[in-house]
2 protein chains.
Amino acid sequence: MKFKEAKNKFVQTWGALGSQWGINKTMAQIHALLMVSHEAVSMEDIMEELQISRGNASMNLRALMDWGIVYKEYKAGERREFFTAEKDLDELAVKISRERSKREIKPALKVLKEVSSITSDNTAEEKHFVDQTTKLYDFVLKADNVLDKMTEYKDNWLAKLVVKIMK
Amino acid sequence: MKFKEAKNKFVQTWGALGSQWGINKTMAQIHALLMVSHEAVSMEDIMEELQISRGNASMNLRALMDWGIVYKEYKAGERREFFTAEKDLDELAVKISRERSKREIKPALKVLKEVSSITSDNTAEEKHFVDQTTKLYDFVLKADNVLDKMTEYKDNWLAKLVVKIMK
DNA sequence: ACAAACTTTCATTTATTATTGAAAGTTCGA
DNA sequence: TCGAACTTTCAATAATAAATGAAAGTTTGT
């Protein structure tokens with residue numbers, strides 16, 4: 001396989017993977033492209049390589065920056081902006097975890113707490129509902145805490161986790 | 001909040017969460033509904049509660065059964081089929097992890113291995129590509145192994161992980 | 001072997017989500 | 001302060017994904 005082909009395959013695969021995890025394809029592709037670029041890339045070049053419009057590039061770059069995993073860079077004497085991705089994988093995972101926790105898990109926890117707190121008539125049906133949603137709340141809370149704790153290690157957290165868990 | 005309202009809110013929330021994680025809304029809603037039902041539910045009742053068509057219900061129940069997190073149940077003297085969800089959360093998490101690993105992570109790993117194995121000319125560009133995709137391969141492989149190891153505990157794995165990790 | 005009771009399939013339709021591109025906005029140098 | 005070079009916004013459009021529903025399929029009791 002030649003470099004260009006490999007790069008393209010990587011970008012496509014990363015994009016498809018993104019879709020399956022609820023991240024829009026172009027966003028994941030831009031991220032992939034920046035991850036494997038050895039130097040910062042202009043919006044123009046991103047548009048060209050991925051064959052996407054200016055608006056699309058702009059919006060998804062903004063989203064990636066909101067996630068904190070892509071950065072703007074300014075080059076001396078250049079008017080236009082360049083972009084780079086976070087390339088440290090531990091850091092990348094930490095940021096993605098934090099964002100998903102904040103955006104999705106925390107709000108879900110809030111709802112779980114609410115719905116598990118209804119004052120139930122004691123029908124079997126309602127008792128089961130309260131019981132099950134309470135368990136779910138506890139479970140998700142615990143999982144969220146674990147994630148948080150793991151990412152606190154920050155540096156090399158996955159490797160450290162491997163050590164802890166394998167023995 | 002009344003029971004019916006709480007149940008509905010839970011089902012809606014679970015559905016929305018599903019979407020954000022790449023699982024279709026109805027599939028997640030059916031799963032939510034079954035999770036909090038104290039007894040097996042017929043297809044007719046699912047259609048009624050979620051206001052969906054027969055075809056939709058059938059297809060998503062099939063998908064949930066393929067994931068191994070919803071089961072068919074037969075009641076004595078009843079012609080129609082009833083459905084229940086896996087209610088043990090450890091078991092549920094294990095099954096979801098296994099499936100996502102099999103369907104998404106493993107294939108991605110295959111591609112990462114491929115693209116990181118190109119014979120690079122030694123341009124900085126190509127060297128960086130090989131380096132970065134190799135790192136990514138190692139990272140994803142390690143993460144997948146951790147997931148696997150964790151779910152091997154099966155019983156109460158999250159609680160055990162909490163113990164390991166917090167100290 | 002038939003028909004009632006039920007489930008599955010899949011071509012068509014509908015809903016959702018992503019993308020485009022042109023206009024508006026911004027920044028910077030002269 | 002003007003205008004060139006660039007970026008952002010957002011209404012319109014296109015692409016994708018999900019849902020419908022009627023026909024085909026299956027199972028079971030008689």
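Every chain is numbered from 1, with letters handed out A, B, ... down the list of sequences.
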B:T13 side chain to B:K9 backbone, donor-acceptor under 3.5 Å: yes

Report the distance from atom CZ of A:R54 to atom P of C:dG21, rounded to the nearest whole Å. 11 Å

The answer to which of A:R80 and A:S19 contacts DNA chain D further toward the 5' end, by nearest nucleotide, is A:R80

Does A:S58 put a side-chain nitrogen or oxygen below 4.0 Å from OP1 or OP2 of D:dT9? no

Just checking B:N24: base, sugar-phosphate only, or nothing, at a heavy-atom cut-off of under 4.0 Å? sugar-phosphate

Does C:dC6 have OP1 or OP2 under 4.0 Å away from a side-chain N or O of B:K72? no

Taking C:dC28, D:dT28, C:dT19 as options, the one with an atom nearest any side-chain atom of B:R79 is D:dT28

C:dT8 C1' sits how many Å from B:E44 CD, rounded? 15 Å

Whole Å only: how far is the CE atom of B:M59 from the P atom of C:dT12? 15 Å

Figure out the CG/C1' separation between A:N60 and D:dT9, and round it to whole Å. 14 Å

Salt-bridged, A:K142 to A:D138, with N to O below 4.0 Å? no

Where the side chain of B:I52 is concerned, which of C:dC6, D:dT20, C:dA18 is the nearest nucleotide? D:dT20

Has A:K75 got a side-chain N or O lying under 4.0 Å from the OP1 or OP2 atom of D:dC6? no

Hydrophobic cluster membership, A:L33 vs A:F82, 4.5 Å side-chain cutoff: no

Between atom CD in B:E78 and atom P in D:dG29, what is the gap in whole Å? 12 Å

Nearest listed nucleotide, side chain of B:N56, among D:dT20, C:dT7, D:dT8: D:dT20

Using atom types as modelled and distance alone, determine if a side-chain donor or acceptor of B:N156 lies under 3.5 Å from a backbone N or O of B:A159. no

I'd like to know if B:E44 and B:R80 make a salt bridge, using a cut-off of under 4.0 Å between side-chain N and carboxylate O. no

Rounding to an integer number of Å, can you tell me how far A:L61 CG sits from D:dT9 C1'? 15 Å

On DNA chain C, check which nucleotide each of A:G22 and B:F82 is closest to and give me the residue with the more 5' one. B:F82

Quick one: A:I30 CD1 to C:dT19 C1', roughly how many Å, whole number? 12 Å

Grab the CZ-C1' distance between B:R62 and D:dT26 for me, whole Å please. 13 Å

